[in-house]
Amino acid sequence: MALRFEILKQDGAARLGRLYTPHGVVDTPVFMPVGTQGTVKAMTPEELRALGAQMILANTYHLYLRPGTEIIREAGGLHRFMHWDGPILTDSGGYQVFSLAPLRRLTAEGVIFRSHLDGSEHLFTPEKVVALQEALGSDIAMVLDECPPYPASREEVTAAVARTTAWAERSLAAQSAAQALFGIVQGGVYRDLREQSARELVALDFPGYAIGGLSVGEPKELMYQVLDWTVPLLPPEKPRYLMGVGHPDDIIEAVARGVDMFDCVLPTRLGRHGGALTPFGRLNIRNACYARDFGPLVPGCDCYACQNYSRAYLHHLVRAGEILGLRLLTTHNLHFLLKLTAEIRAAIARGELGLLRARWRERCGGNRT
Ligand SMILES: O=c1[nH]cnc2cc3nc(NCc4cccs4)[nH]c3cc12
Ligand SMILES: [Zn+2]
């Protein structure tokens with residue numbers, strides 16, 4: 001099914017856009033909080049909405065194994081089941097099978113794997129994964145693809161591209177509901193394989209395209225180079241989604257190269273371990289130096305956590321394993337990334353993304369954001 005995508009402004013390769021989904025309009029560039037098991041961990045949908053979240057991601061692999069997509073279908077679909085009425089994108093599970101499931105076998109038909117929960121054996125085929133996502137009722141579904149690890153040989157990546165294209169074709173043929181399906185470009189870090197994968201998928205005329213096979217441990221510079229090769233080959237009038245990204249600096253660099261959609265577990269996963277995103281890199285509140293620091297988590301941050309609690313209190317909560325600690329850190333980290341993407345959209349609207357990019361580079365210097 002086609003997905004209406006409007007480009008309101010260009011700033012270099014960066015685009016300010018609007019994505020019209022059955023569950024609402026999304027302003028792009030957009031950061032999607034990750035709700036792997038049908039919840040963005042520790043956050044209610046109302047809190048997500050208040051933080052400015054527009055669209056969230058859920059994982060077909062996890063929801064298929066538990067509670068099962070049939071239960072979710074009987075509940076009326078994932079939106080009703082989890083009480084989130086905004087757009088939802090579901091990942092197909094190919095990546096999760098490779099990164100989570102012990103024992104898996106790739107065949108031309110699909111991937112056989114054992115559940116990481118109880119060891120039971122399952123088969124994912126392109127057709128089955130489309131059907132699962134239709135049962136979940138997500139607004140945007142991803143094809144079953146093969147994401148090679150990093151590093152991977154040319155032979156491995158060549159085979160992954162061929163399988164990904166063949167599975168993409170079968171996925172389109174298996175569609176029966178009005179759900180937008182995105183193709184996923186693979187090709188590792190090999191320019192010719194990226195070009196081949198993009199060319200083959202563009203010929204299949206998907207309503208949107210994801211760039212896969214990145215944020216899998218490769219150096220940042222290599223990820224940016226793969227984007228330089230790949231993004232220009234994708235239809236400019238369709239949305240581009242960089243899977244699993246990411247860190248603030250990576251989001252800015254990818255937007256500057258023409259990417260519109262992002263997802264990453266960083267803000268929630270980092271928050272659960274006491275990590276906080278700041279304009280100057282990261283801070284870990286568990287550090288003893290914060291035990292008597294009565295200032296805000298991040299001075300100048302206007303989020304609920306920074307406005308109402310001290311570093312000392314957050315240090316205590318996280319050290320004591322108190323649930324409120326991870327909720328407050330998650331609140332701050334999601335606010336940080338959602339606010340950054342709002343600032344990116346405003347900068348593109350003003351034709352000043354270059355300024356934001358330069359400011360971010362000088363503030364962060366080399367350290368990880
Ligand atoms: O090629 C892909 N295909 C389908 N889903 C993906 C999800 C992905 N997520 C990451 N990285 C983000 C991560 C965060 C923590 C573990 S991985 N890279 C990814 C690549 C793919
Ligand atoms: Zn804050």
Side-chain angles (χ1 to χ4, degrees), residues 1-32 54-55 57 86-92 130 133 138-143 145 161 164-165 168-169 171-173 175 177-187 191 194-214 224 226-245 251-263 341-342 344-354:
M1 172 207 173
L3 200 63
R4 187 170 148 219
F5 179 55
E6 277 174 5
I7 293 178
L8 307 174
K9 187 102 175 12
Q10 291 253 177
D11 181 352
R15 302 113 65 86
L16 176 67
R18 275 219 188 105
L19 191 55
Y20 292 79
T21 81
H23 282 86
V25 186
V26 176
D27 292 313
T28 65
V30 60
F31 173 77
M32 298 180 284
Q54 303 182 76
M55 181 167 191
L57 178 140
I88 297 176
L89 180 146
T90 44
D91 192 356
S92 54
V130 164
Q133 294 177 89
S138 50
D139 301 274
I140 297 178
M142 307 307 291
V143 298
D145 63 331
V161 167
T164 294
T165 297
E169 211 154 0
S171 302
L172 281 172
Q175 276 204 289
Q179 186 178 48
L181 185 66
F182 279 20
I184 304 179
V185 179
Q186 293 293 346
R191 179 166 195 167
R194 282 282 170 185
E195 290 171 347
Q196 177 192 340
S197 181
R199 208 176 27 254
E200 291 172 351
L201 293 173
V202 169
L204 296 173
D205 194 20
F206 282 95
Y209 290 91
I211 298 155
L214 291 175
Y224 300 158
V226 169
L227 293 177
D228 289 336
W229 298 333
T230 310
V231 174
L233 303 177
L234 300 177
E237 75 284 2
K238 294 181 177 180
R240 298 140 176 187
Y241 163 31
L242 178 53
M243 306 188 84
V245 172
I251 289 176
I252 294 168
E253 288 303 310
V255 167
R257 290 169 171 80
V259 175
D260 309 298
M261 299 166 67
F262 300 88
D263 84 87
T341 40
I344 288 171
R345 293 193 294 269
I348 297 171
R350 297 192 307 269
E352 294 180 356
L353 183 70

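Just so it is clear, the model here is predicted, and its values are computed rather than measured.
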Step by step, would you call M243 with D91 a side chain to side chain contact (heavy atoms under 4.5 Å, CB included)? CA-CA 9 Å; M243 306 188 84; D91 192 356; 3.6 Å; yes
Let's go through F206 and L204 carefully: what are the C-alpha distance in whole Å and the side-chain angles of both, what is the deciding distance for side chain to side chain contact (heavy atoms under 4.5 Å, CB included) to 0.1 Å, and is it a yes or a no? CA-CA 6 Å; F206 282 95; L204 296 173; 3.8 Å; yes
One pair to check against side chain to side chain contact (heavy atoms under 4.5 Å, CB included): T28 and I7. What are the steps and the verdict? CA-CA 9 Å; T28 65; I7 293 178; over 6 Å; no
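A13 approaches A256 most closely through the heavy-atom pair CB-O, 3.4 Å. Residues P239 and F182 approach most closely at CG-CZ, 3.8 Å, considering heavy atoms. Closest of all the heavy-atom pairs between L201 and G183 is CD1-C, 4.5 Å. Nearest heavy-atom pair, D145 versus S92, reported as atom, atom and distance to 0.1 Å: OD1-OG, 3.8 Å. Taking both residues in full, the closest heavy atoms of D11 and G354 are given as OD2-N, 4.5 Å, listed atom of the first, atom of the second, then distance. Of all non-hydrogen atoms in P87 and G24, the two that sit nearest each other are CG-O, 3.9 Å.
In the model, Q179 has no side-chain atom that pairs as donor or acceptor with a side-chain atom of D139 under 3.5 Å. Side-chain contact check for E200 and Q196: at least one donor-acceptor pair (N or O, by modelled atom type) lies under 3.5 Å. Side-chain contact of T90 with Q133: a donor-acceptor pair under 3.5 Å is present, judged by distance alone.
Rounded to the nearest 0.5 angstrom, M261 CE and Q54 CD are separated by 10.5 Å. Distance check, rounded to the nearest 0.5 Å: CG of L214 to CD of Q186 gives 8.0 Å. Interatomic distance, F31 CZ to L57 CG, rounded to the nearest 0.5 Å: 9.5 Å. Expressed to the nearest 0.5 Å, how far OG of S171 lies from CG of L181 amounts to 6.0 Å.
At least one side-chain heavy atom of R257 sits under 4.5 Å from a side-chain heavy atom of D228. At least one side-chain heavy atom of V231 sits under 4.5 Å from a side-chain heavy atom of V259. V202 is listed as a side-chain neighbour of P235, based on a closest heavy-atom distance under 4.5 Å. Side chains of V26 and Y20 form no contact here, defined as non-hydrogen atoms less than 4.5 Å apart. The shortest distance between side-chain heavy atoms of L19 and V30 does not fall below 4.5 Å. Counting only heavy atoms from C-beta outward, the side chains of L227 and I211 approach each other to under 4.5 Å. Residues Y209 and Y241 are not in side-chain contact: their nearest non-hydrogen atoms beyond the backbone lie 4.5 Å or more apart. Under the 4.5 Å side-chain criterion, counting only non-hydrogen atoms from C-beta, V185 is in contact with L234.
The salt bridge (Lys or Arg N to Asp or Glu O under 4.0 Å) pairs that include a residue from residues 15-25 are R15-D260, R18-D27, where partners are two or more places apart or lie in different chains. Pairs of residues two or more places apart, or lying in two chains, that qualify as salt bridge (Lys or Arg N to Asp or Glu O under 4.0 Å) and include a residue from residues 231-241 are D205-K238.
Using a 4.0 Å cut-off between charged side-chain N and carboxylate O, E195 and R191 make a salt bridge.
Without hydrogens or angle criteria, D263 side chain to G244 main chain gives a donor-acceptor distance under 3.5 Å. No donor-acceptor distance shorter than 3.5 angstrom exists from the side chain of T230 to the backbone of R194, with no hydrogens or angles considered. A distance-only check finds no donor-acceptor pair linking the side chain of R345 to the backbone of L16 [under 3.5 Å]. Between the side chain of Q10 and the main chain of G12, a donor-acceptor pair closer than 3.5 Å is present.
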